[in-house]
Amino acid sequence: MSGCKARVRKNRAIQKEFIESVIASLKREILEEKRIFNAEHNERNLAPFVERVLRDRMDKQIAIMETQKSTNFNNGNTKLNSNNNNNNTNNSNNNNNKQDTQYSAMDIQNSTMDSKNSTTDPHNSTLDPQNAMDQRNSMSDRELLHEMVSLLNAGFETVMFMTSLTLILLAIHPSVQEEVYNELQDVLGDSPDSAPTYDQLQRLDLLTRVIKETMRLFPAAPVIARSAPYEVQCGDYTIPAGASIAIFIYGLHRHPQLWNNPNQFDPDRFLPSQSSHRNPSGYVPFSLGPRGCIGSKYAMLQMKTTISTILRRYKILPGDKCKSLQDIRFEFGMTMRSLPGNDIRIEPR
Ligand code: HEM
């Protein structure tokens, strides 16, 4: 059997084991939550429920991996260092607990490229349950590096784009900005030097709606892709097994059948009274399901912290070239990119 076939078989066996364990968990949890399911057994609560179980299982598996990894370090196991053969200085003989692993930018680049080239298996990616179930119960240097690079890639440009777009939209909607500022004063107090707490950030309802509306109009990940593992009937369309599907989130978020005045900035769309009967699949800035964004909650906290810190000290004003929503210039890529000209000015309060 060729190496590739053997790998595919091993992967299938691991996937099967994982899926069986998920089904067992689901059965157990359904029994425990029988009441909720009898009361309202529909797709709406089933999807988040299944997702929660999947994530829960992954978290446990990852926690096990973390424990094993730290045990390995404490035992002076140099596995993490031993795979890396160029710029890596292994000082484990002198100090078993010290991970003196150094990487050059080139190592990281190569690692990412190699991982990309070798990723013929669609499940072989970030914090994947199958990786977590890997029989080695540990990660190689290369895998660990790849995970870190993926997290940085996925978490940096997206948050940067969304934060700057939110500030631009607030600059060209001064009355909304003033309302947000008033909310910040109410919830966080007058002194701009006090760091917001987690609870306070949760209470910033208007700022949350403003960020949500910005992500509707300018989703940082404008298009995502999936492949169909089996034939799927989707309304009048049959998606054949193995087909690649691109989901155009930008288009979905501005679809006139889903949104009134879709090209207008209106944070009130996300008031409970206006959003409760909306199809939840019509708004997916972080995607959905087990492969959706794992950093969504962290991203919201990060954006709210940065934006509130700026707004408490400065008034945001439009720049010379960007005075309305139509002036905002961007280009599509894996993530959205802001183009030159989207300027703002700031003025101390
Ligand atoms: C506003 C900010 C963000 C947006 C709009 C966003 C959006 C998304 C979307 C749409 C996906 C799904 C991609 C796909 O299905 O192909 C995704 C995946 C992912 N995101 Fe985010 N993201 C954001 C911030 C973050 C942050 C801060 C982190 C980590 C610190 C992060 C980590 C990830 C990872 C690791 C995945 C891949 C998950 C997987 O493949 O299972 N993201 N993100």
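Both ligands and their constituent atoms are indexed starting at 1 by order of listing. Note that the structure is a prediction, hence the values are computed from the model and not measured.
- In this structure, Met303 is part of the shell of residues with a heavy atom less than 4.0 angstrom from ligand 1.
- Counting the atoms of ligand 1 from 1 in the order shown, those under 4.0 Å from a heavy atom of Met162 are 1 (C).
- Polar contact check, Arg226 against ligand 1: a nitrogen or oxygen pair lies under 3.5 Å apart.
- For atom 7 (C) of ligand 1, the choice among Ala154, Pro285, Ser296, Ser150 with the nearest heavy atom turns out to be Pro285.
- Atom 26 (C) of ligand 1 has its nearest heavy-atom neighbour, among Gly292, Ala221, Gly155, in Gly155.
- For atom 2 (C) of ligand 1, the choice among Thr158, Ile294, Thr166 with the nearest heavy atom turns out to be Thr158.
- Residue Arg216 holds its CZ atom at 14.0 Å from CZ of Arg209, rounded to the nearest 0.5 Å.
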CA sep, side-chain torsions, deciding dist, call: Asp327, Lys321, salt bridge (charged side-chain N to carboxylate O under 4.0 Å, His left out)
CA-CA 7 Å; Asp327 296 332; Lys321 293 188 188 146; over 6 Å; no
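- Counting the atoms of ligand 1 from 1 in the order shown, those under 4.0 Å from a heavy atom of Ile224 are 13 (C), 14 (C), 15 (O), 16 (O).
- Within ligand 1, counting atoms from 1 as listed, the ones closer than 4.0 Å to a heavy atom of Ser287 are 10 (C), 12 (C), 15 (O).
- Using a distance-only test at 3.5 Å, with no hydrogens or angles considered, no donor-acceptor pair links the side chain of Arg269 to the main chain of Gln274.
- For an aromatic pair to be called close, the ring centres must be under 6.0 Å apart, and Tyr283 with Phe270 satisfies this.
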Check the pair Arg313 / Asp193 against salt bridge (charged side-chain N to carboxylate O under 4.0 Å, His left out), numbers first and verdict last.
CA-CA 9 Å; Arg313 290 172 174 77; Asp193 293 329; 3.1 Å; yes
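- Atom CZ of Phe248 has more than 12 neighbouring heavy atoms from other residues, nucleotides or ligands inside a 6.0 Å radius.
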